[in-house]
**Q** 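Sharing a structure with you now.
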2 protein chains.
Amino acid sequence: MATIYEVSKAAGVSLATVSRVINGNARVSERTKEKVHKAMDALGYKPNAIAQSLASNRTNSVGLLVSELHGSFFGDMMSSIESMLRDAGKHVVITAGHSEAEKEKQAIEFLISRRCDALILNAEAVSEDYLKSLLDNNIEIILINRDIESLQERCIVLDNQLGGYLATKAAIEQGHTEIAYISGPHFKEDAQQRLAGHKQALKEANISYDSELCFEGGYHESEGQEGFNVLRSANDSFTALVCANDEMASGAMTAARENGLSIPEDLSIIGFDNVLFARYLYPKLTTVDNPIAKMGEMAANWVLSNIYQQKINTEITRLFKPELVVRDSLGAVRAG
Amino acid sequence: MATIYEVSKAAGVSLATVSRVINGNARVSERTKEKVHKAMDALGYKPNAIAQSLASNRTNSVGLLVSELHGSFFGDMMSSIESMLRDAGKHVVITAGHSEAEKEKQAIEFLISRRCDALILNAEAVSEDYLKSLLDNNIEIILINRDIESLQERCIVLDNQLGGYLATKAAIEQGHTEIAYISGPHFKEDAQQRLAGHKQALKEANISYDSELCFEGGYHESEGQEGFNVLRSANDSFTALVCANDEMASGAMTAARENGLSIPEDLSIIGFDNVLFARYLYPKLTTVDNPIAKMGEMAANWVLSNIYQQKINTEITRLFKPELVVRDSLGAVRAG
DNA sequence: CTGTTAGCGCGTTCAC
DNA sequence: GTGAACGCGCTAACAG
């Protein structure tokens with residue numbers, strides 16, 4: 001692996017000059033520029049990014065923390081962030097936090113030790129104080145899906161309550177009055193907010209909330225099945241089931257079918273997130289679209305603008321509104 | 001951000017001693033070790049990985065190239081590799097190549113410039129010569145899903161032909177004789193091999209291969225729909241459809257249903273890969289399991305063993321065998 | 001066991 | 001326009 005020194009020798013110029021043509025900031029005469037380029041090609045020279053970073057105190061890389069590396073939801077997020085940043089010549093270092101505080105901390109500390117210029121965090125488990133302490137240490141962070149009052153301008157969030165509201169309201173508008181709900185884990189903010197939206201829609205329609213019609217899941221498919229079974233054995237008259245994410249909706253669909261129900265004739269099911277496979281399901285899932293890819297882009301734009309001083313052609317929005325996606329799993333309530 | 005120098009001053013020891021307690025390789029007395037730790041805590045010191053790398057010529061990071069950051073297939077692969085390597089204290093830098101030679105090269109060169117200790121590559125588009133030239137430059141690479149004769153010990157591959165064979169054979173065993181096929185793009189090795197397996201099974205059963213019953217797709221869901229429609233309009237008597245991946249199988253299912261066919265009564269459908277959503281589909285997809293997570297783990301193990309000289313508790317296997325996963329989308333051919 | 005001294009490969013002043 | 005010299009933060013001999 002050739003070094004800048006070897007290039008300078010081969011080109012018969014000084015090491016500083018080579019550095020100049022690499023970075024293209026200072027003026028270098030055309031003739032020497034050519035000589036240097038020729039030498040670089042001949043030696044197959046590639047700048048050592050590590051050394052560049054150490055010298056310039058800039059890594060041109062941004063750290064990204066997601067909960068999981070698999071799954072469509074985070075896949076969409078990673079994908080949009082990576083492509084936007086890569087177009088700008090920046091690079092992304094991805095880590096997974098697995099929704100555990102300790103692992104999230106480790107991941108963040110790894111990103112810090114790599115001296116990323118900024119961190120885009122989807123941190124679910126770590127405390128607010130910890131996040132704030134990062135800022136105190138001059139770590140540039142931007143949060144996705146987490147709302148911290150004192151860090152508002154660094155938070156990009158979805159209006160989860162609105163989402164929950166839209167889902168249940170859609171069921172109500174189809175005439176449903178007995179509506180069950182499978183929520184996410186209560187310790188997660190977004191799960192609480194989505195549930196709050198559900199209750200809000202119920203209240204607005206003068207339907208009283210019945211805790212027997214609510215099951216707490218953990219966002220996994222299996223809990224959709226389990227939830228359906230538990231709910232059904234306690235109450236067999238609900239005609240619609242709203243789920244806090246698409247995975248659980250899918251599980252519920254499977255369980256419902258195994259119990260001989262057809263969808264949406266016997267039971268309407270509504271999901272949340274609109275992940276890719278929602279449209280693969282049968283019937284195609286009616287769900288609430290979570291614009292996670294756009295939120296990722298927004299985070300990337302924030303970094304480009306605030307950290308790298310690049311001009312961007314969007315305004316920074318911090319609150320995203322979800323929308324209902326009407327497909328086939330929600331139907332009108334049956335007469336009689 | 002405190003430096004090692006500040007720590008050494010605060011602890012009243014030399015800079016080298018601090019380095020020793022950080023790396024824990026040389027012996028340091030308990031007392032000074034304590035002093036150093038106290039100083040590090042007080043200053044909130046975090047080693048600068050960039051500087052460590054430059055000095056030690058070791059980054060403790062391995063580069064990973066996948067085609068896409070989204071999608072269950074690569075998600076599983078990234079996930080297994082990351083968790084295995086992280087457990088070993090190594091870190092993963094992930095990049096996407098988008099199945100384009102130019103982008104793959106850029107991604108690889110980025111990983112090289114970051115001086116990753118090794119590269120795990122799922123390179124689809126880049127040439128064999130390019131890959132070989134990497135080795136000539138002392139870049140340690142290990143390939144997933146790519147078989148290069150002169151690099152065999154660095155290739156971890158799936159027996160795709162066997163997979164294609166198993167899929168079609170399963171259909172034949174259910175009595176099907178008119179079997180259509182939607183393949184992946186012919187320029188990809190794996191697509192060719194899967195198709196070869198299909199033909200092999202056909203031949204073994206004395207069914208002649210009919211090119212009118214074969215459609216070339218690009219591994220995307222939409223091409224499953226398109227493929228079904230094209231195949232159907234040319235021939236409406238086939239009773240089974242084998243698809244080269246699950247996405248296309250899903251698309252085909254949708255299209256078949258839109259054409260009034262029920263699955264598997266009117267048409268059996270078989271997929272390939274066994275990605276997560278295959279079991280969410282309705283009916284649940286019969287498919288060929290692609291042990292991509294295990295292959296990823298194997299690659300990680302190879303790196304741990306060959307690059308980091310760690311002892312691993314598996315033998316390195318380079319050829320993985322796929323297996324049929326029987327679910328509900330394949331049924332016996334209808335009498336009459 | 002501990003301190004001193006060179007670099008690692010490069011960016012960045014300063015002079016010329 | 002170009003070169004010499006220093007420093008980024010740390011590891012790795014080499015002495016002691």
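Naming: A, B, ... by sequence-line order, numbering from 1 per chain. Small disclaimer: the values here were computed from a predicted structure and weren't measured. Every heavy atom of this structure was used, including side-chain atoms; hydrogens, water molecules and symmetry mates were not.
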**Q** Respond yes when some side-chain nitrogen or oxygen of Tyr45(B) is under 4.0 Å from OP1 or OP2 of dC10(D), and no when none is.
**A** yes

**Q** Among dC10(C), dT4(C), dC10(D), which nucleotide sits nearest the side chain of Ser14(B)?
**A**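 Looking only at heavy atoms from C-beta outward on Ser14(B), the closest nucleotide is dT4(C).
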
**Q** Might you work through the side chain to side chain donor-acceptor pair (under 3.5 Å) test for Glu297(A) and Ser80(A), ending with a clear yes or no?
**A** CA-CA 6 Å; Glu297(A) 275 179 30; Ser80(A) 70; 5.2 Å; no

**Q** Between Glu34(B) and Arg31(B), is there a side-chain N and carboxylate O pair less than 4.0 Å apart?
**A** no

**Q** Using OP1 and OP2 only, check whether a side-chain N or O of Thr32(A) sits under 4.0 Å from dT2(D).
**A** yes

**Q** Using five base pairs at each end, measure the axis-to-axis angle across the helix from dC1(C)-dG16(D) to dC16(C)-dG1(D) and round it to 10 degrees.
**A**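 One end axis against the other gives 40°.
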
**Q** Do Ser61(A) and His91(A) have side-chain N/O donor and acceptor atoms under 3.5 Å apart?
**A** no

**Q** Do the side chains of Asp117(B) and Lys90(B) get close enough for a salt bridge, i.e. N-O under 4.0 angstrom?
**A**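 Not counted as a salt bridge, because no side-chain N and carboxylate O are separated by less than 4.0 Å.
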
**Q** With respect to the side chain of Ala16(A), which nucleotide from dG9(D), dT12(C), dC1(C) is positioned closest?
**A**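 Nearest to the side-chain atoms of Ala16(A), counting from C-beta on, is dT12(C).
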
**Q** Between Glu124(A) and Arg146(A), is there a side-chain N and carboxylate O pair less than 4.0 Å apart?
**A**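 A salt bridge is absent here (no side-chain N lies under 4.0 Å from a carboxylate O).
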
**Q** Any idea which of dC10(C), dT12(C), dT2(D) is nearest the Ser19(A) side chain?
**A**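 Nearest to the side-chain atoms of Ser19(A), counting from C-beta on, is dT12(C).
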
**Q** What's the closest nucleotide to the Arg20(A) side chain, out of dC14(C), dC10(C), dT11(D)?
**A** dC14(C)

**Q** Name the nucleic acid region contacted by Ser29(A), choosing base, sugar-phosphate or nothing; use a 4.0 angstrom heavy-atom cut-off, strictly under.
**A**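 Sugar-phosphate, backbone atoms only, no base.
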
**Q** Given side chains that start at C-beta, do those of Asn290(A) and Met295(A) come closer than 4.5 Å, heavy atoms only?
**A** yes

**Q** Which part of the nucleic acid does Val13(B) contact within heavy-atom distance under 4.0 Å: base, sugar-phosphate only, or nothing?
**A**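 Sugar-phosphate contact only - Val13(B) comes under 4.0 Å of backbone atoms but never of a base.
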
